[in-house]
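Being a predicted model, the structure only gives us computed values, none of them experimental. A note on names: the letters A, B, ... follow the listed sequences, proteins ahead of strands, and every chain is numbered from 1.
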Amino acid sequence: MSTQLTLQAPLVLPPAEVPGHLERLWSDELGSSHGAATFTLVVWEGSWLEQQLVRCGRLDGPITGLLNDTVLEAARAAAISCGLPLSTAPMDPQLAWAIGNLGGDHHAADLRGQFVEGAISVHMPRRLITFAPTLDGAKPLETLVAAYCPLPEEGAGGDACGDVVVLRGGTGALRENLDLVQPLISPELPCWVWWNSSLDEAPEVMTALASGNRRLVVDSSLGDPRRCLDLLVARVGAGQPINDLNWMRLRSWRESLAMVFDPPSRRDALNHVVQLDLDVEGDNPVKGLLLAAWLADRLGWHLTATYAVDGDGSGQGIGAEFERTDGQTVRFRQMPVPVGVPKTHPGAMVGLRLICQSSQGSPLCVILCSESGGCMRLESGGMASMELAEEVVPLPNESEEMEMARLLSGGHDSTNPLLAVAAPIAARLLP
Amino acid sequence: MGAVLTNPLRVGLRQERVIPPQCLVIFGASGDLTHRKLIPALFELFRQRRLPSEFAVLGCARRPWSDEEFRSRMAEALANEVAEHPLAWEQFAAGLFYEPVDLQDPPSVVRLGERLAVIDRQRATRNNRTFYLSVSPTFYGSGCRSLAAAGLLSDPARSRVVIEKPFGRDYGSAQELNRVVQTSAQENQIFRIDHYLGKETVQNILVMRFANTIFEPIWNRNYISSVQITAAETVGVEERAGYYESSGALRDMVQNHLTQMLALTTMEAPGRFDPESMRNEKAKVLQAARLANEDEPWKCCVRGQYGPGGSSSKPITGYRQEPGVNPESTTETYVAMKLFINNWRWQGVPFYLRTGKRLPKRLSEVVLTFREAPVHLFDAAGGAPTPNQLILRIQPNEGAEFKFEVKAPGSGMRSRPVDMAFSYDDSFGEPSDEGYVRLLADAMLGDPTLYTRSDEVEAAWRLYTPLLELIEDAPAQLPVYPYEARTWGPGAADSLLADDGLIWRRP
Ligand SMILES: NC(=O)c1ccc[n+]([C@@H]2O[C@H](COP(=O)([O-])OP(=O)(O)OC[C@H]3O[C@@H](n4cnc5c(N)ncnc54)[C@H](OP(=O)(O)O)[C@@H]3O)[C@@H](O)[C@H]2O)c1
């Protein structure tokens, strides 16, 4: 879907004048529109990767905050120049950090918050507030305001409008002006807070923005794994609605695994799992752990031990033991594997192997492989005597904005119950 | 489907598209359909987490209930589900509201608009509305007019109307009703329900045909010799005598459900799976369908009516003895007929449709019989080789079956028929959703693929017009033959096929 610009060129205003200006905007110019009774969307748009790539001249501007193929290509190329492992995912915060050490002082227009993905704008946010932290940490706050109308699509009534507010500046300046933003968020409409950046960043800003019953959207593949999982657990525990894009990207894996056990004749095997092996890209374990935790919850396994295991040269893996409901043990191993072309986000799934061994019948071995790579490691080793069920998991091909749009269209005000139970187990699995 | 263990890994995976925030307005909220089908389906969607939190149901009818009264009536009707999921019900019921509305009284419809604006603010439902007309068919037209007059249908992207069956009583009344509803709303806002299309297995006809390469090349007159479509019920008229007396099997089942099965079985492949491409193809094939003998329609149709039956210990009342039925009623409870489809794919292939109440089994199926092998090389165990048959079972034992000849064990080369079967139960073992769950979700998603378009409805009525006219003008020419309850209909229906050297499949 095409991206759409704001209706008017945004107006740069002194921060203090923003609320008054917005009021006038609605009473004068937008008076005739319904002013969509929809929701407020607050976005923390770090875009460090894009900003750094522009600064060192590897990407032409303007800076938009949208993750497109050009940005990804430039990021992959930069990873090699920075001497990072091939498996470094473009979105890995370490990459933006490493590019930060490369020279260059190029500038480009910063249009963050002014590009709205069509998939999001069709839901007509009443107000879109973007925080755009700049590389220059000392930069003072700049505020921009504009009215905005989705381009009327065929047959759609295009008269319900919203507005766009952008706060741009160094993280310190943004933090100091949080009070400015709170009154702009209507308590009557649902509010989504999308933390579109690493969870290691500006925790006090997140705490202030994602308060009360605002719906938080994060990506647990970005940031320190311990911090990411703990944040999920804390928010779930506090009863705050939280959505995790990293968890959402597991859907095709859950679907493929469920498919294997759709025939009732296979169901019993689920009671006899003895081993679960996962291969993930690079050294971020969160996604794999969420998958293992989901399976453990669904099958009623109880975690008894967890520990680090040494991989063969490709980094540390995680081992664990679970107890099944019948007291038998399930062995779990998750290993990082090197890949030539990593997926966009750190820690993508490469393969899964599940071995089920009941006292009667021959063992069942289920292998799921990502569409993009093989999973030779999981296919090797002593499975000749087993019934083999092997499936290829299709790659979901969606941008952040599309994933976000799907969330917004659903309007769920509570945490997905499966994520709510998987997150605490995943947190305990991390040694 | 039988009780089966659910797949624990499937939980939470059913949903694909999410229903956008909206208010569902049900007219006829105090009626039978609302508490028997609609609210249970919505509660099911809620429990599957497929409803957004910005959601509301506004019940409307003439009687002056309050929100609270509506909630408690619905809770009573769903007592079992509520007892099983008390917490979920509490959350769901918080989104149920009621507004007294008389669809024939414009000021009360205007008040409805005001109430909806309040609900939009309370529940953040974003001015999105689905209006569900679960009222007597006499109000379909006037209901749409009042909604339009109150400005409630003016935004085609944010409002739509669901219309229950029956849509008209004949070609003329369906055309008239289409004219009225189309002056109130655009065609893409109008959702005419046919709950057969909500069945997983009916949708599967499309997937079987168009997701595989092996069927389509033989799905035509060169390979198929005849097709039978059956929808058999074991029940009698139950409490619906009033309605049924004025409708009969032809209107109640054939014009809509059997015709939809016929359309899905015979349509050409659409270019894309989108609502308009799909419905274009269905409309096209229905426009090419004809009674086998339009000039003498009595020669290609048989009507029947069930008489008493059963055993002395468990007697079954005949139709004319049912409460609310005219003791001299000539309403048909069974109808069988022969059709042709005049196009390149189907020219000359007879299609036999039958449906009835108080038949020996509850069952719906489509049976495609293939042509015989050109030369009989082998002796068949049963005398003649059985032609190949593909049986699509809509209900119960949902699935598909293929009959073909194999070598009978032993010396010699005798052939005998065997079955290759696919069963939903064995492959998926999950009960499928009630049709209304799917259809309500689709309407709220604004996806009309499984709803019938104006030209389809009209083509379906036009197809049966010679029969409807005959029943109206010269009923004696299309007599209603009695049949014993729990038998496969009147003997005359067998003659319909016997003339072509065929027999009905005894399922
Ligand atoms: N029940 C089924 O199984 C079934 C199956 C297939 C199709 N259908 C179709 O679904 C529709 C509803 O069936 P039903 O069995 O639920 O009918 P029903 O039990 O007779 O209910 C009719 C409803 O309409 C309301 N109503 C009557 N006049 C009204 C008016 N002027 N304005 C607003 N509301 C009015 C009635 O409430 P008040 O008296 O309070 O106004 C009542 O709630 C019918 O079109 C029927 O053909 C039903």
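Arg126(B) approaches Leu408(A) most closely through the heavy-atom pair NH2-O, 3.6 Å. Scanning both residues, Arg298(A) and Val11(B), for their nearest heavy atoms gives NH1-CG2, 3.3 Å.
Of the listed residues (Leu270(A), Asp297(A), Asn271(A)), just one forms a side chain to side chain contact (heavy atoms under 4.5 Å, CB included) with Pro8(B), and that residue is Leu270(A). The side chain to side chain contact (heavy atoms under 4.5 Å, CB included) test with Asn7(B) is passed by exactly one of Met259(A), Arg267(A), Arg266(A): Arg267(A).
With a 4.5 Å cut-off on non-hydrogen atoms, Leu257(A) touches chain B through its backbone and its side chain both.
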Would Arg215(A) and Glu54(B) count as a salt bridge (Lys or Arg N to Asp or Glu O under 4.0 Å) if you check the C-alpha gap in whole Å, the side-chain angles of each, and the deciding distance to 0.1 Å? CA-CA 13 Å; Arg215(A) 307 161 186 191; Glu54(B) 295 102 349; 2.9 Å; yes
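The local environment of CD in Glu390(A) is crowded, with over 12 non-hydrogen atoms from other residues, nucleotides or ligands closer than 6.0 Å. Residue Asp274(B) qualifies as enclosed at atom CG: its count of foreign heavy atoms under 6.0 Å is above 12. More than 12 heavy-atom neighbours from other residues, nucleotides or ligands sit within 6.0 angstrom of CD on Gln182(B).
Looking at heavy atoms from C-beta onward, Asn416(A) lies in side-chain contact with Arg49(B) at the 4.5 angstrom threshold. Residues Arg10(B) and Phe261(A) form no side-chain contact, since every pair of their non-hydrogen atoms from C-beta on lies 4.5 Å or further apart. Within the 4.5 Å cutoff, no side-chain heavy atoms of Leu9(B) are placed close to those of Val260(A).
Rounded to the nearest 0.5 angstrom, Leu189(A) CG and Arg121(B) CZ are separated by 11.5 Å.
Of the possible polar contacts, none joining the Asp262(A) side chain to the Ser427(B) backbone as a donor-acceptor pair under 3.5 Å is found.
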